[in-house]
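Contents: one structure, followed by commentary.
Predicted model, so just to flag it, every value in this text is computed and none were measured.
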Amino acid sequence: QVQLVESGGGLVQAGGSLRLSCAASGRILSLYYMGWFRRAPGKEREFVAGISWTGGSIYYPDSVNGRFTISRDISKNTLYLQMNSLKPEDTALYYCAAARGRGIQTTIGSYDYWGQGTQVTVSS
């Protein structure tokens, strides 16, 4: 099993920045790909960034490309999401997820483990 715990969410004004963290524990060696998802009120959960545990295969959808940066620190078993130039439409519950499958994973069903989420609210 793998446990994922997110932190770093909060309230920020439009144009501001936040950095989310996701601490991983348990059978981390079984993981290949890590991702961040978000679910806005009334919307489905959507993929926002992904990275392989080795640091490659980084992928962003157009909605966040150029504003969000995903990274990981293997020594700390921690995944990060740096979010800049935040917009009110970025308001959502942000989830960290981990997949055992190889390759870039962008769909919910590709992930095996999920955190509980951390709330990000962007005010206009």
- Side chain to side chain, W53 and N77, heavy atoms closer than 4.5 Å: yes
- How about R100: does its CZ atom have over 12 heavy atoms from other parts shown lying under 6.0 Å from it? no
- May I ask you to test the D90-V120 pair for a side-chain heavy-atom distance under 4.5 Å? no
- Heavy-atom neighbours of I74 CD1 exceed 12 at 6.0 Å: yes
- Message: In this structure, would F47 and L81 fall into the same cluster of hydrophobic residues linked by side-chain contacts under 4.5 Å?
- Response: no
- More than 12 non-hydrogen atoms from neighbouring residues, nucleotides or ligands closer than 6.0 Å to OH on Y32, yes or no? yes
- Query: Quick check: does any side chain N or O of Q13 sit under 3.5 Å from a backbone N or O of S123, one acting as donor and the other as acceptor?
  - Reply: no
- Identify the heavy atoms of A99 and S110 that sit nearest to each other, and give their distance. CB-O, 3.4 Å
- Message: Between E6 and C96 (side chain of the first, backbone of the second, donor and acceptor by atom type, cut-off under 3.5 Å), is there such a pair?
- Response: yes
- Query: Is there a donor-acceptor contact under 3.5 Å from the side chain of Q116 to the main chain of V5?
  - Reply: no
- Item | Sub-4.5 Å side-chain heavy-atom contact between R38 and E46 | yes
- Can you hop from M83 to Y59 via hydrophobic side chains spaced under 4.5 Å? no
- Item | ring-ring contact (aromatic ring centres under 6.0 Å, His included) contacts in which one or both residues fall within residues 60-104, not counting sequence neighbours | none
- Item | Contacts of A98 that satisfy side chain to side chain contact (heavy atoms under 4.5 Å, CB included) - sequence neighbours left out | L4, L31, M34, Y113
- Query: Per the side chain to side chain contact (heavy atoms under 4.5 Å, CB included) rule, which among L18, T91, V12 passes with T121?
  - Reply: T91
- For side chain to side chain contact (heavy atoms under 4.5 Å, CB included), just list the numbers for I58 and I70, CA-CA rounded to whole Å, side-chain angles, deciding distance to a tenth of an Å, and then say yes or no. CA-CA 8 Å; I58 294 175; I70 190 171; 3.8 Å; yes
- Query: Taking the side chain as C-beta and beyond, is there a heavy-atom pair between K76 and S21 under 4.5 Å?
  - Reply: no
- Task: Could you list the residues that satisfy salt bridge (charged side-chain N to carboxylate O under 4.0 Å, His left out) with R72, not counting sequence neighbours?
- Result: none
- Message: Any non-hydrogen side-chain atom of L79 less than 4.5 Å from a side-chain atom of I51?
- Response: yes
- Task: Measure up the Y111 and Y33 rings against each other and bin them: parallel (under 30°), tilted (30 to 60°), perpendicular (over 60°).
- Result: tilted
